[in-house]
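Taking it in order: structure first as structure tokens, then the write-up.
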Amino acid sequence: MNIKILFYRLLICTMLCTLMISCDPSKGAYYKDAMQDQPKPAVDRSDDEYVMVTTFVNFPMYVNHDQEAFHRWGRKMGVRTTVLGPSEWDVVQQIAFIEQVIPSRPTGLLINGTDPAIAGAINKAVDAGIPTVVYDSDIVDSRRHAFLGTDWYEIGRLQGEAMADLIRGKGKVAFVGLIGQTNMENGYRGVQDVLNKYPDIEVLGKHDSKGSTEEAAKVASDLISAHPDLAGLCGFDATTGPGLGLAVKEAGKVGQVKITTVDWEPEHLRLVREGVIQVLIGQKRELFTWYGAQFLFDMVHDTNMLSSDDDAAGITNIPHSVNTGLLKITADNIDQFDPQL
Amino acid sequence: MKINSNIWQDRVVTLSATILVLVVVSSIIWQGQFANLDNLSLVLLNLSIDAIVAVGMMVLLISGSFDLSVGSVVAFAGGLAAYLMYYWGVFVPVAILVSLAACLLIGLVNGALVAYVGINPLIQTLAMMGIVRGLALMVSGSGIQNLPDGFNALGQSQFMGFQSPVWYMLIVVVIFSFLVRRTIFFRRYYYIGGNEKAALLSGIRVKKMKVYSFMLASALAGLAGIILSARLGAAMPTAGQGMELRVITAVILGGASLLGGQGKIMGALLGTIFMGLVANIMILARISGYWQQIILGIILIVAVATDIIMKRRGTSPR
């Protein structure tokens, strides 16, 4: 074989190989894998400080779920986590906290979404270049980078379906919770929309618990006195469930007045076990703050680059909106949530 | 040069000195974070609403009364103005004037029942606090957003690096500081607070003056509520919750006494600034909310105890 023929054969083989490789649909993946396999410089997180700004810093549900998961995440990642906020429910003070933490340049801000009015403060943080994630209720008018939470309308809808089922589609039902708070107002709409489909159900309206178990118990007692044939009570904030349970127990109407309510604190679980509360609709609050903090970390450290320069491309490399879903607790699955008793 | 030792008995002087020390120490500890225009303008912005309410509360405390309904009035005023603009399409200045008139009416009812019927201010304004909070919930429901741009501009515009509520606060303080120091009308409140019977015997129409002081406190709370709504671009029925105690604390820190007869408008401003600075420092120091209440409580006790000790020595702060 002369050298010229050998040269042409080699050339054709090379061209065919090149063509085959170029037509391989997994080439991009090879490229990305190759990029990802390259050793990355170790992420320097020694100066990282992630700050959570809540509306009520010592509210037991927030402390036990949101803040516990946030600090646990911080310990796992070896970064500093700080929780700030007013010591009583106060949206205006929460705004003050958000605005005043901005000049200290935290690595990321995790903000408890409570009221649309905090949008301006969130936008100030975003404008200052601080990665900002909102959890619990979305602040739609803000330019937050990501949101994790649940749909309060859905919380109401699920309660409505559970209540209609419990009272077999007839009887008087009242709602008890905070009045004037956007997320709960969406919840009232959800339950109302479901119960409107049942002509034999009479809705007695929404009643203010003022965020207190004692007040919720008082309101429920008054409702039971005024309507001896009351069929059900739907609760809409963490303090309401125990209050409704107390009133129903004191009136000797356990099982007769059905209760559906939100959240799953130890008192709520105990009342489910006692048969006082029939259904709990719970949020997966630990996921709000664990993944919210992780999103901030991933955004700051470019864990998942979607382009050669995400900032220049005008994109964020974390999910825009995440619905963490709801959980339903009844007597059937109480053991999985309350194993100690 | 000998400094007159009496000046240290003036709460305005001692509080100013304390604030100065606080600012210097904080600037050293949090270099670049505390002493910059951004941070200071945010501190002033966030205390401006409380400070406007504190001016009205100071006049009331000078006369020997106080008003627990101011926080509810803040929510109601913003809610009513927002309701009129959003649902009825009322022109912005008209909505503001109607809202302020409604607040004056609340003050008139408070003042008339305290002065003419003799209801204790604590009971009267506590009851009014609940009534007005209910009204705020009625008008603003779960909150009203998307208010007219012209209205929002009242609370969101900037001038010389400071957002407009800071300027409104300064204007209110300057005007009332002048009025309380220089006009006979406002000086009468010192006589009423110092000795009501003597004031009555000297020809001062005490009851009428009391009604005016409640109207002033409500009007300033209403103004603060409208500015707050404009700043947030929204009306919140929960706005102003707990504000009454915060404002009374600031005013007492600023030199007022629950017994009446003493205090200065500048003291109300300084008391509010002091509380705003403490809150800001606790945020910079990342001190938990648990501690904030404890620290503010201790500060209040120390201020009032100092007041009592100085009174016993016959050198009450001015």
Side-chain angles (χ1 to χ4, degrees), chain A residues 49 51 53-59 62-63 67 80-106 114-121 123-124 128 139-141 152 178-189 206 208 210-211, chain B residues 30 32-34 36-43 45-47 49-50 71 74-75 79 133-134 136-138 140-146 152 155-156 228-229 231-243 246 276 279-294 296:
Chain A
E49 187 201 17
V51 175
V53 185
T54 173
T55 331
F56 187 176
V57 77
N58 39 355
F59 188 45
Y62 292 173
V63 175
Q67 295 170 25
R80 189 172 166 206
T81 49
T82 306
V83 178
L84 295 173
S87 53
E88 282 169 40
W89 184 277
D90 192 334
V91 175
V92 177
Q93 284 298 306
Q94 186 194 16
I95 292 167
F97 271 89
I98 296 169
E99 290 184 341
Q100 291 186 56
V101 85
I102 293 170
S104 64
R105 311 288 311 170
T114 46
D115 193 286
I118 68 172
N123 290 343
K124 280 183 186 171
I139 306 299
V140 287
D141 289 335
W152 271 83
L178 291 170
I179 307 282
Q181 208 170 297
T182 310
N183 51 3
M184 283 179 211
E185 295 290 341
N186 287 335
Y188 298 132
R189 259 192 323 112
K206 51 191 182 187
D208 198 353
K210 294 177 182 161
Chain B
W30 294 284
Q33 289 183 24
F34 179 80
N36 61 59
L37 187 65
D38 280 353
N39 188 48
L40 293 179
S41 90
L42 284 171
V43 171
L45 174 64
N46 283 303
L47 61 83
I49 303 297
D50 281 13
V74 164
R133 182 65 65 184
L137 282 162
M138 278 171 66
S140 38
S142 62
I144 302 171
Q145 286 83 40
N146 302 319
N152 292 346
Q156 295 174 10
L228 179 65
S229 286
R231 183 195 154 196
L232 301 176
M236 287 193 302
T238 53
Q241 268 178 347
M243 178 188 272
R246 212 166 52 235
N280 182 248
I281 288 164
M282 286 193 277
I283 291 170
L284 290 175
R286 302 294 192 255
I287 294 172
S288 154
Y290 301 112
W291 283 99
Q292 299 200 7
Q293 294 283 34
I294 296 169
L296 284 174

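Hydrogens, waters and symmetry mates are skipped; everything else that's a heavy atom, side chains included, is used. So you know, we letter chains A, B, ... as the sequences are listed, proteins then strands, and number each from 1.
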| field | Trace of the side chain to side chain contact (heavy atoms under 4.5 Å, CB included) decision for D90(A) with R246(B) | value | CA-CA 12 Å; D90(A) 192 334; R246(B) 212 166 52 235; 3.6 Å; yes
| task | Start with the C-alpha gap between L84(A) and M282(B), add the side-chain angles, then the distance that decides, and say whether side chain to side chain contact (heavy atoms under 4.5 Å, CB included) holds. | result | CA-CA 9 Å; L84(A) 295 173; M282(B) 286 193 277; over 6 Å; no
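The most heavy-atom pairs under 4.5 Å with chain A, out of N36(B), L228(B), N39(B), come from N39(B). Each of A121(A), G85(A), S87(A), G120(A) has some count of heavy-atom pairs under 4.5 Å with chain B, and the biggest count is that of S87(A).
In this structure, a donor-acceptor pair under 3.5 Å is present between the side chains of Q100(A) and N280(B).
Using a 4.5 Å heavy-atom cutoff, the side chains of L42(B) and K124(A) are in contact. At least one side-chain heavy atom of S104(A) sits under 4.5 Å from a side-chain heavy atom of R286(B).
Heavy-atom distances place the side chain of L137(B), and not its backbone, under 4.5 Å from chain A. Heavy atoms closer than 4.5 Å to chain A are found in the side chain of Q145(B), but not in its backbone. Only the side chain of D141(A) comes within contact range of chain B, judged by heavy atoms closer than 4.5 Å. Looking at V53(A), neither its backbone nor its side chain comes within 4.5 Å of chain B, counting heavy atoms on both sides. Contacts between L45(B) and chain A at a heavy-atom distance below 4.5 Å involve the side chain alone, from C-beta outward. Neither the backbone nor the side chain of N183(A) comes within contact range of chain B; no heavy atoms are under 4.5 Å apart. For T82(A), the part sitting under 4.5 Å from any heavy atom of chain B is the side chain, from C-beta outward, and nothing else.
Applying the 6.0 Å contact sphere to CD of E88(A) captures no more than 12 heavy atoms from other residues, nucleotides or ligands.
With values rounded to the nearest 0.5 angstrom, D115(A) atom CG is found 6.0 Å from T238(B) atom OG1.
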